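Quick notes on the structure that follows.
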2 protein chains.
Amino acid sequence: MTIKEVCEKFDITPDTLRYYERVGVIPEVHRTKGGIRDYTDEDVAWVENAICMRNAGVSVEMLAEYVRLFQLGDSTFQARRDILAEAREEIQKQLDKYQVTMDRLNYKISKYDVALKTGVLSWDDCEEE
Amino acid sequence: MTIKEVCEKFDITPDTLRYYERVGVIPEVHRTKGGIRDYTDEDVAWVENAICMRNAGVSVEMLAEYVRLFQLGDSTFQARRDILAEAREEIQKQLDKYQVTMDRLNYKISKYDVALKTGVLSWDDCEEE
DNA sequence: CTACAACTTGGAGTTAACTCTAAGTCAAGA
DNA sequence: TCTTGACTTAGAGTTAACTCCAAGTTGTAG
């Protein structure tokens, strides 16, 4: 699979893919004799994983550390599990914050919906307006 | 309320608070005669709102636009509602992504838990390892 | 009144994560 | 073989959101 095909599959740029490889967010990708990247299914799976993790804000640094440990072999199971657990905690915290913000936004939007009918915007509790 | 007190209340730095004011993420804060910031309850409510929105990744630019419209008065109800709705959509998308990543992480971690007992790490489906 | 810590400003510096540029290499069609 | 477009690298540039700095001002404790 060429870099272009992988880019189209995941809607990212070649620059980002090469960057991910360079900083170790994914392992080194298989190449043709000429030195052109030729992604195997495994390479693509690593890309998919990286994008999924990045979508949830997992840092490039953490992903690279995971890949580094992965390449060290089976003796790093515990360390890898620890990283994943750390990522999960961060994501859960983020999820909670997002939920709080969603609640606040829903409340505010409902107030604006009333305001657009009555012409008056009013908050029940401690809001800024 | 002094800038220090507000910082302690929300666990942020004075630099961040001044930055928020400078770029319009919050309206101009009340001052003492000497020019020192003296946050009113309303100022503090704006800060709280800004932090909540930033926690969910709402951009500084979007928050500043909301404040700008707010200061233009009641004729901007619709525009303000639109911004909030846009923010809500972005947050919902992000929430969905986070959930997908959480599911993947939970799956991987459970595999590592098995591996730590059996010494063998195996994926049922299309994973990278 | 005098220290002196905490505040002020404008502007420069930092960080993470890309994103772009230049100069060169590879490969498929005429 | 030649052309042309996609690929390669190293390294520089960009962006958002802070974060720090220098130089000066305010206000409180002694």
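If you're wondering where the values come from, they're calculated on a predicted model, not measured in any experiment. Within every chain, numbering begins at 1; the chains are lettered A, B, ... in the order of the sequence lines, protein sequences first and strands thereafter.
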Length of the line joining A:Lys4:NZ and D:dT8:C1', which is rounded to integer Å: 16 Å
The first and last nucleotides of DNA chain C lying within contact of chain A, meaning any atom under 4.0 Å from one of its heavy atoms, run from C:dA17 to C:dA27
Sub-4.5 Å side-chain heavy-atom contact between A:Val25 and A:Val67: no
So, do B:Tyr107 and B:Asp103 sit near enough that their side-chain heavy atoms are less than 4.5 Å apart? no
Please check if B:Val120 and B:Tyr112 belong to a single hydrophobic cluster, counting links between Ile, Leu, Val, Met, Phe, Trp and Tyr side chain heavy atoms closer than 4.5 Å. no
Could you tell me which residues satisfy side chain to side chain donor-acceptor pair (under 3.5 Å) with B:Thr32, sequence neighbours excluded, listed by chain and number? none
I'd like to check B:Glu5 versus B:Lys9 (side-chain heavy atoms, cut-off strictly below 4.5 Å). Are they in contact? no
Verify, without hydrogens or angle tests, whether B:Asn49 (side chain) and B:Ala45 (backbone) share a donor-acceptor contact under 3.5 angstrom. no
Degree of bending in the helix from C:dC1-D:dG30 to C:dA30-D:dT1 once both end axes are built from five pairs, to 10°: 0°
Quick check on contacts: within residues 56-64 of chain A, what sits under 4.0 Å from DNA chain C by heavy-atom distance? A:Ser59, A:Val60
For DNA chain D, what residues of residues 15-29 of chain A have any heavy atom nearer than 4.0 Å? A:Arg18
Can you see which heavy atom on A:Cys52 is nearest to which on B:Val100, and at what distance? SG-CG1, 4.2 Å
Tell me, do B:Leu121 and A:Asp74 make a side-chain contact under 4.5 Å, heavy atoms counted? no
Salt bridge (Lys or Arg N to Asp or Glu O under 4.0 Å) pairs, two or more places apart, involving residues 81-97 of chain A: A:Arg81-B:Asp113
For A:Ala50 and A:Leu63, which heavy atoms make the closest approach, and how far apart are they? O-CD1, 4.0 Å
For B:Tyr39, enumerate each residue passing the ring-ring contact (aromatic ring centres under 6.0 Å, His included) test, keeping only those at least two apart in sequence or located in another chain. none
Tabulate protein N/O versus nucleotide N/O from nucleotides 26-30 of chain D, keeping only pairs under 3.5 Å, one per line.
residue: D:dG27; atom: OP1; partner: B:Thr32; partner atom: OG1; Å: 3.4

Which pairs pass side-chain hydrogen bond (donor to acceptor under 3.5 Å, both in side chains) with one or both residues in residues 54-63 of chain A, sequence neighbours excluded? none
I'd like a table of donor-acceptor pairs (distance under 3.5 Å, sequence neighbours excluded) in which one partner is a side-chain atom from residues 11-21 of chain B, with atom names and distances.
residue: B:Thr13; atom: OG1; partner: B:Thr16; partner atom: N; Å: 3.1
residue: B:Thr13; atom: OG1; partner: B:Thr16; partner atom: OG1; Å: 2.9
residue: B:Glu21; atom: OE1; partner: B:Arg37; partner atom: NE; Å: 2.6
residue: B:Glu21; atom: OE2; partner: B:Val29; partner atom: N; Å: 3.0
residue: B:Glu21; atom: OE2; partner: B:Arg31; partner atom: NH2; Å: 3.4

List in chain and number order the residues that pass side chain to side chain donor-acceptor pair (under 3.5 Å) with A:Thr76, two or more places apart in sequence or in another chain; answer none if no residue qualifies. A:Arg80
Residues two or more places apart in sequence or in another chain: which of them pass salt bridge (Lys or Arg N to Asp or Glu O under 4.0 Å) with A:Glu28? none
